[in-house]
Protein chains: 2
Amino acid sequence: MRRKEIIRPDLNPNVSVDCVIFGFDFQQLKVLLIEREGDFPDEKSRLALPGNLIYDDENLNMAVNRVLKELTGLDNIFLKQIGAFGGVDRISKETDKEWLRSIRAHPDARVITVAYYSLVRISDYLPAASSFAVTANWYNVDEIKDLAFDHYTILKTGLNQLRREISFRPIGFNLMPEKFTLGQLQRMYEAILGRSLDKRNFRRKIMKINILSATDEKEYDVPHKPAQYFKFNEANYKSLVETGFDNFSF
Amino acid sequence: MRRKEIIRPDLNPNVSVDCVIFGFDFQQLKVLLIEREGDFPDEKSRLALPGNLIYDDENLNMAVNRVLKELTGLDNIFLKQIGAFGGVDRISKETDKEWLRSIRAHPDARVITVAYYSLVRISDYLPAASSFAVTANWYNVDEIKDLAFDHYTILKTGLNQLRREISFRPIGFNLMPEKFTLGQLQRMYEAILGRSLDKRNFRRKIMKINILSATDEKEYDVPHKPAQYFKFNEANYKSLVETGFDNFSF
DNA sequence: GCAAAAGTGTTAACTGTACACCCATGA
DNA sequence: TCATGGGTGTACAGTTAACACTTTTGC
């Protein structure tokens with residue numbers, strides 16, 4: 001018998017939030033998944049998106065921020081709603097049903113989940129901060145083929161939305177450290193979009209939208225010409241995010 | 001005392017669906033709203049999006065299709081999820097609270113609503129088919145300034161999504177009758193986008209994506225050169241919807 | 001004949017895309 | 001000196017956007 005989630009009378013059995021937490025390690029797009037305890041047919045179906053039921057005195061934003069805070073220790077993460085999923089048919093896998101019986105006060109309740117994707121700097125994430133009674137790890141997005149419940153559908157939907165959104169707003173900066181090179185930035189776009197981009201065209205385009213400032217720092221100790229570090233120009237970014245911009249795609 | 005909604009024990013008090021039902025009368029973009037009974041400070045806040053709580057044995061799709069069927073008598077309407085809204089702070093208006101007390105079994109429950117927009121041919125809609133105990137009418141979208149609860153926010157969000165979507169897929173055909181002129185089609189795009197379009201550029205673009213077939217019929221009894229009627233070419237449309245298309249904006 | 005919407009091409013500006021070489025550094 | 005990724009410009013193709021006149025009909 002595994003231990004039940006903290007059971008409060010005001011935990012609503014019908015509405016949950018789930019998070020697709022994206023990160024970027026300068027090579028690949030990552031997603032933070034939790035590993036469930038128990039017996040599962042394979043390793044993939046053991047993995048799940050972090051999420052939880054919501055409390056009766058919370059709205060959706062409060063709930064998803066609480067889940068993120070509990071898992072990552074982080075506040076004020078970039079968040080965007082993917083949408084609402086499901087109903088009675090969400091929980092079709094027998095192992096998922098068993099697992100719910102082991103941790104839920106109302107294991108058979110129909111749960112509608114509201115999913116969000118969030119973008120975090122992997123370096124800010126401290127696994128130790130987690131108050132979840134689970135282990136969480138970063139996985140390469142393109143290696144994930146299945147997940148618990150309908151979480152794989154949610155992941156794919158979130159990734160598609162991120163791909164679309166990044167063509168309209170430079171939200172990808174939430175994945176980057178304060179200082180970064182143009183090469184790193186390009187690799188982030190390539191990781192999200194899943195295709196390679198032309199270096200010269202990328203640079204022309206990203207410089208044109210005017211949200212980067214060059215710093216006077218350079219890489220060092222690299223076995224090639226050291227790249228210049230850039231910072232993200234917040235003022236220009238904000239006005240851009242508000243108006244959106246028409247033409248921004250790679 | 002007004003009559004309560006049909007109260008079934010399996011009506012979930014925490015999750016509802018709401019619909020932004022768009023129509024087009026060849027002049028303006030319309031939205032189907034219900035008029036609530038009772039005392040309200042002004043006519044606008046009396047109006048609301050059609051919607052209802054969901055049953056425990058329904059998933060979200062079943063619920064929204066049920067609501068649409070009950071209200072419009074129509075099946076198989078084009079539907080797209082806008083997203084999930086709210087929590088405790090959705091019901092901030094005192095008159096809304098009073099109204100809920102008059103019709104709900106659990107008037108104070110926190111309700112998360114999942115909103116959808118749908119596109120219907122106004123000519124298919126039969127007000128008489130409605131089994132809702134309310135009156136429903138079409139209103140010009142651009143004249144709506146406020147609605148019950150957070151429904152105005154939902155309406156604006158849905159309209160923005162429709163505007164964006166219509167630049168990627170020709171979903172607007174769900175608003176049109178079987179045969180239509182290019183002028184009518186252009187007015188539909190203008191009504192949705194809220195701006196006027198160049199006639200020649202519009203025609204070139206819409207013909208290029210190859211989803212229209214000319215019929216041999218023309219307008220008659222019109223005080224100007226009669227326009228040719230076109231039909232929507234479903235086969236081409238379907239392949240297009242599946243692949244999406246890159247370049248389609250006016 | 002007049003009012004009203006249908007129908008029809010061309011041009012200039014801009015945007016996207018493809019492409020190749022030298023540079024600075026560590027090993 | 002070699003391997004590695006940084007940094008840079010140009011030319012062609014395709015797309016967008018602006019623009020005006022003739023046609024057909026009802027009245």
Side-chain angles (χ1 to χ4, degrees), chain A residues 24-28 163-164 166-168 170 176 179-191 193-210 212-231 240 244-250, chain B residues 24-28 166-168 170 176 179-191 193-210 212-231 240 244-250:
Chain A
F24 177 63
D25 65 356
F26 296 124
Q27 313 242 34
Q28 302 209 54
R163 283 180 175 163
R164 182 184 297 203
I166 209 164
S167 296
F168 291 104
M176 302 295 285
K179 290 169 184 169
F180 47 83
T181 69
L182 293 181
Q184 291 170 335
L185 191 61
Q186 181 176 344
R187 263 167 266 138
M188 180 202 71
Y189 275 92
E190 290 175 334
L193 295 173
R195 62 192 165 91
S196 59
L197 302 171
D198 180 272
K199 183 165 55 163
R200 278 174 288 193
N201 294 338
F202 176 82
R203 283 164 188 244
R204 193 181 317 119
K205 188 134 202 167
I206 205 81
M207 294 315 284
K208 192 175 163 200
I209 61 175
N210 208 35
L212 299 185
S213 327
T215 69
D216 50 9
E217 289 175 68
K218 291 190 172 196
E219 284 181 315
Y220 60 92
D221 205 33
V222 287
H224 54 77
K225 179 171 175 178
Q228 186 166 31
Y229 279 113
F230 285 81
K231 284 201 318 203
L240 205 59
F245 40 79
D246 282 336
N247 264 311
F248 186 75
S249 55
F250 291 102
Chain B
F24 177 62
D25 65 356
F26 297 123
Q27 313 242 34
Q28 301 208 54
I166 208 163
S167 296
F168 291 104
M176 302 296 286
K179 290 170 187 171
F180 46 84
T181 69
L182 294 180
Q184 291 170 335
L185 191 61
Q186 181 176 344
R187 263 167 268 139
M188 181 201 71
Y189 275 92
E190 290 175 334
L193 295 172
R195 63 193 165 90
S196 60
L197 302 172
D198 180 90
K199 183 165 54 162
R200 279 174 290 191
N201 294 338
F202 176 82
R203 283 164 188 244
R204 193 179 319 117
K205 188 134 203 168
I206 205 83
M207 294 316 284
K208 192 174 162 199
I209 61 175
N210 207 34
L212 299 185
S213 326
T215 70
D216 49 9
E217 291 175 66
K218 290 190 171 199
E219 286 181 315
Y220 59 92
D221 205 32
V222 288
H224 54 77
K225 179 172 174 177
Q228 186 167 29
Y229 279 111
F230 286 81
K231 284 201 320 206
L240 204 60
F245 40 80
D246 281 336
N247 263 311
F248 187 75
S249 57
F250 290 103

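Throughout, a chain's letter reflects where its sequence line sits, starting with A, and its residues are numbered from 1. Computed from a prediction, not measured in an experiment: that's the story for all the values here.
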Could you encode protein contacts along nucleotides 19-27 of chain C as a string, one character per nucleotide from 5' to 3', using B for base contact, S for sugar-phosphate-only contact and - for no contact, with a heavy-atom cut-off of under 4.0 Å?
BB--BBBS-
Just the rounded figure in Å: distance from [atom2] of [N] to [atom1] of [X].
{"X": "A:Lys208", "N": "D:dG9", "atom1": "NZ", "atom2": "P", "value": "17 Å"}
{"X": "A:Leu197", "N": "D:dG5", "atom1": "CG", "atom2": "C1'", "value": "16 Å"}
{"X": "B:Arg195", "N": "D:dA17", "atom1": "CZ", "atom2": "P", "value": "8 Å"}
{"X": "B:Lys205", "N": "D:dG14", "atom1": "NZ", "atom2": "C1'", "value": "11 Å"}
{"X": "A:Arg203", "N": "D:dG9", "atom1": "CZ", "atom2": "P", "value": "12 Å"}
{"X": "B:Leu185", "N": "C:dG7", "atom1": "CG", "atom2": "C1'", "value": "15 Å"}
{"X": "A:Phe202", "N": "D:dG5", "atom1": "CZ", "atom2": "C1'", "value": "15 Å"}
{"X": "A:Glu217", "N": "D:dG6", "atom1": "CD", "atom2": "P", "value": "17 Å"}

Is there a side-chain contact between A:Thr215 and A:Phe230 (heavy atoms, below 4.5 Å)?
no
Backbone of B:Phe202 reached by a side-chain donor or acceptor of B:Gln186 within 3.5 Å:
no
Is it the case that the side chain of A:Gln228 and the backbone of A:Ala214 share a donor-acceptor pair, with hydrogens and angles ignored and the cut-off at 3.5 Å?
no
Any chance you could lay out the side chain to side chain contact (heavy atoms under 4.5 Å, CB included) test for B:Tyr189 and B:Arg195, step after step, and finish with the verdict?
CA-CA 9 Å; B:Tyr189 275 92; B:Arg195 63 193 165 90; over 6 Å; no
List in chain and number order the residues that pass salt bridge (charged side-chain N to carboxylate O under 4.0 Å, His left out) with B:Glu217, two or more places apart in sequence or in another chain; answer none if no residue qualifies.
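With neighbours one apart ignored, the set is B:Lys179.
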Establish, for the pair B:Arg187 and B:Phe180, whether the NZ or CZ atom is under 6.0 angstrom from the six-membered ring centre and no further than 45 degrees off its axis.
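No, cation not above the ring by the 6.0 Å, 45° rule.
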